[in-house]
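One structure, as structure tokens, below. Some questions next.
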2 protein chains.
Amino acid sequence: MRIGELSARTGASVRSLRYYEEQGLLTSTRSAGGQRHYTDDEIERVVFVQRLYAAGLSSRTIVELLPCVDSPSDDHSDAAMERMLQERDRLSDHIEELQRTRDALDVLVTAARAYRDTGRANCGAAATTFA
Amino acid sequence: MRIGELSARTGASVRSLRYYEEQGLLTSTRSAGGQRHYTDDEIERVVFVQRLYAAGLSSRTIVELLPCVDSPSDDHSDAAMERMLQERDRLSDHIEELQRTRDALDVLVTAARAYRDTGRANCGAAATTFA
DNA sequence: CTAGAACCTGACATCAATGTGAGAGGCAAG
DNA sequence: CTTGCCTCTCACATTGATGTCAGGTTCTAG
């Protein structure tokens, strides 16, 4: 398939797909005229890359992880492994912080609701529980 | 306290604190000579703001939420409320996605370990579970 | 063969938060 | 008063992923 179709199927813009290739996250074969051709496998790869992007990994980091996905037997797998564990932990920490923040928002919402319903509770005071 | 101390106590750079003020997220009184002075309450506020930043909210969004923190009785509380619920949901979705991604990394790690230990499992094949 | 859609490269623009540097002024201790 | 540190404003730079535009080429349907 050509780049437009891959774009349509993954939701990634054509621009982004070319950027991914430039960063070494995606490969393509070229037609005689120089147009990029992809196999169906690339769909999955793009989705995976996008997932990692959404998790806050940078292209550089993703590039380090992909070798393991592609060829687990390579020598650099150990480095990639290290990187993966590290990112996994970072992700865990981030998730926990987001959960705390969500809880904080919940407290605010609850306080605001109480205030609205009773006209008495102080939602501002609730904010003091976040420091 | 002056800006340097607030910076030291919150971990936010002096530059960032000025930026927060510019965005309406933080207020200060000025000395005769024009220097910013803060009360201890501002520490808490900065921490709260940073937490929201870390959760991926933009200054614009945070600005919309702060009225509720400051004065829950204001008219715009309803809009802020709406915004808060919306952000809360967005946050929940994001957390779920991060958890899925973490799980995906776990699968990769496990597969890589299995490969390393047995020299047989195919970690590349494991990657096919992420699409 | 031809028109139009899709593609190519390359370059510049964008956004948001923050870094950085210049030049000037405030403020406390000696 | 002076020295040194902190602060002020203003402005430009940075980062990373992506948008967008221009000028040219490839592919495909009719």
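Naming: A, B, ... by sequence-line order, numbering from 1 per chain.
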- request: Round to the nearest Å and state the distance from A:Met1 atom CE to D:dC27 atom P.
  value: 17 Å
- prompt: B:Glu97 and B:Arg100: salt bridge (Lys or Arg N to Asp or Glu O under 4.0 Å), yes or no, with the steps?
  reply: CA-CA 5 Å; B:Glu97 183 172 10; B:Arg100 280 198 301 272; 5.1 Å; no
task: Considering non-hydrogen atoms only, spot the tightest contact between A:Leu25 and A:Val63 and give its length.
output: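 Closest heavy-atom pair between A:Leu25 and A:Val63: CD2-CG2, 3.3 Å.
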Find every protein N or O atom lying less than 3.5 Å from an N or O atom of nucleotides 22-30 of chain C, and list the pairs.
from, atom 1, to, atom 2, distance (Å)
C:dC27, OP1, B:Ser31, OG, 3.2

task: Starting at atom CG of A:Leu17, determine the distance to atom C1' of C:dT9, rounded to an integer number of angstrom.
output: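 The answer, rounded to whole Å, is 16 Å.
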- request: Tell me, with the steps shown, if A:Tyr20 and A:Ser59 meet side-chain hydrogen bond (donor to acceptor under 3.5 Å, both in side chains).
  value: CA-CA 8 Å; A:Tyr20 296 167; A:Ser59 322; over 6 Å; no
Compile the donor-acceptor pairs under 3.5 Å between side chains in residues 7-16 of chain B and protein atoms, sequence neighbours left out, one pair per line.
from, atom 1, to, atom 2, distance (Å)
B:Ser7, OG, B:Ala12, O, 2.7
B:Arg9, NE, B:Glu5, OE2, 3.4
B:Arg9, NH2, B:Glu5, OE2, 2.8
B:Thr10, OG1, B:Leu6, O, 2.8
B:Thr10, OG1, B:Ala12, N, 3.2
B:Ser13, OG, B:Ser16, N, 3.0
B:Ser13, OG, B:Ser16, OG, 2.9

Between P of D:dT26 and CD1 of A:Ile3, the distance in whole Å: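 Going from CD1 in A:Ile3 over to P in D:dT26 covers 17 Å.
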Between C1' of D:dT7 and CD of B:Glu5, the distance in whole Å: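 B:Glu5 atom CD is separated from D:dT7 atom C1' by 14 Å.
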query: Which whole-number value in Å describes the distance from A:Arg18 CZ to C:dA11 C1'?
result: 13 Å
task: Rounded off to whole Å, could you give me the CD-to-C1' distance for the B:Glu22 and D:dC10 pair?
output: 11 Å
- prompt: Under 4.0 Å: is that the gap between some side-chain N or O of A:Arg36 and OP1 or OP2 of C:dC7?
  reply: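 No, A:Arg36 has no side-chain N/O under 4.0 Å of OP1/OP2 on C:dC7.
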field: ring pair (Phe, Tyr, Trp, His ring centres under 6.0 Å) contacts touching residues 79-105 of chain A (sequence neighbours left out)
entry: none
Exercise: identify the closest heavy-atom pair between A:Arg51 and B:Thr101: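 A:Arg51 and B:Thr101 have their closest heavy atoms at CG-OG1, 3.0 Å.
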statement: Sorted by chain and number, sequence neighbours left out, side-chain contact (heavy atoms from CB on, under 4.5 Å) with A:Asp106 holds for A:Arg102, A:Asp103, B:Arg88
Ionic contact status for B:Glu21 with B:Arg18, cut-off 4.0 Å: no
- request: Could you please spell out the steps behind the side-chain contact (heavy atoms from CB on, under 4.5 Å) verdict for A:Arg30 and A:Arg36?
  value: CA-CA 5 Å; A:Arg30 298 298 186 111; A:Arg36 292 169 177 85; 3.2 Å; yes
message: Go through it in stages, so that I can follow the logic: the residues are A:Leu26 and A:Val49, the test is side-chain contact (heavy atoms from CB on, under 4.5 Å), and I'd like the CA-CA distance, side-chain angles, deciding distance and then a yes or no.
response: CA-CA 9 Å; A:Leu26 189 60; A:Val49 164; over 6 Å; no
- request: Before giving the answer on side-chain contact (heavy atoms from CB on, under 4.5 Å), spell out for A:Leu91 and A:Glu87 the whole-Å C-alpha distance, their side-chain angles and the decisive distance to 0.1 Å.
  value: CA-CA 6 Å; A:Leu91 211 47; A:Glu87 288 305 321; over 6 Å; no
message: Taking the axis from the first five pairs and the axis from the last five, what angle separates them in the helix from C:dC1-D:dG30 to C:dG30-D:dC1, rounded to 10 degrees?
response: 10°
Please write out the pairs of protein N or O atoms and N or O atoms of nucleotides 16-21 of chain C separated by less than 3.5 Å, giving the distance to one decimal.
from, atom 1, to, atom 2, distance (Å)
C:dA17, OP1, B:Ser59, N, 2.9
C:dA17, OP1, B:Ser59, OG, 2.7
C:dA17, OP2, B:Tyr19, OH, 2.4
C:dA17, OP2, B:Ser59, OG, 2.6
C:dT18, OP2, B:Ser16, OG, 3.4
C:dT18, O5', B:Ser16, OG, 3.2
C:dT18, O4, B:Arg15, NH2, 3.3
C:dG19, OP2, B:Ser13, OG, 2.7
C:dG19, N7, B:Arg15, NE, 3.4
C:dG19, O6, B:Arg15, NH2, 3.2
C:dT20, O4, B:Arg15, NE, 3.2

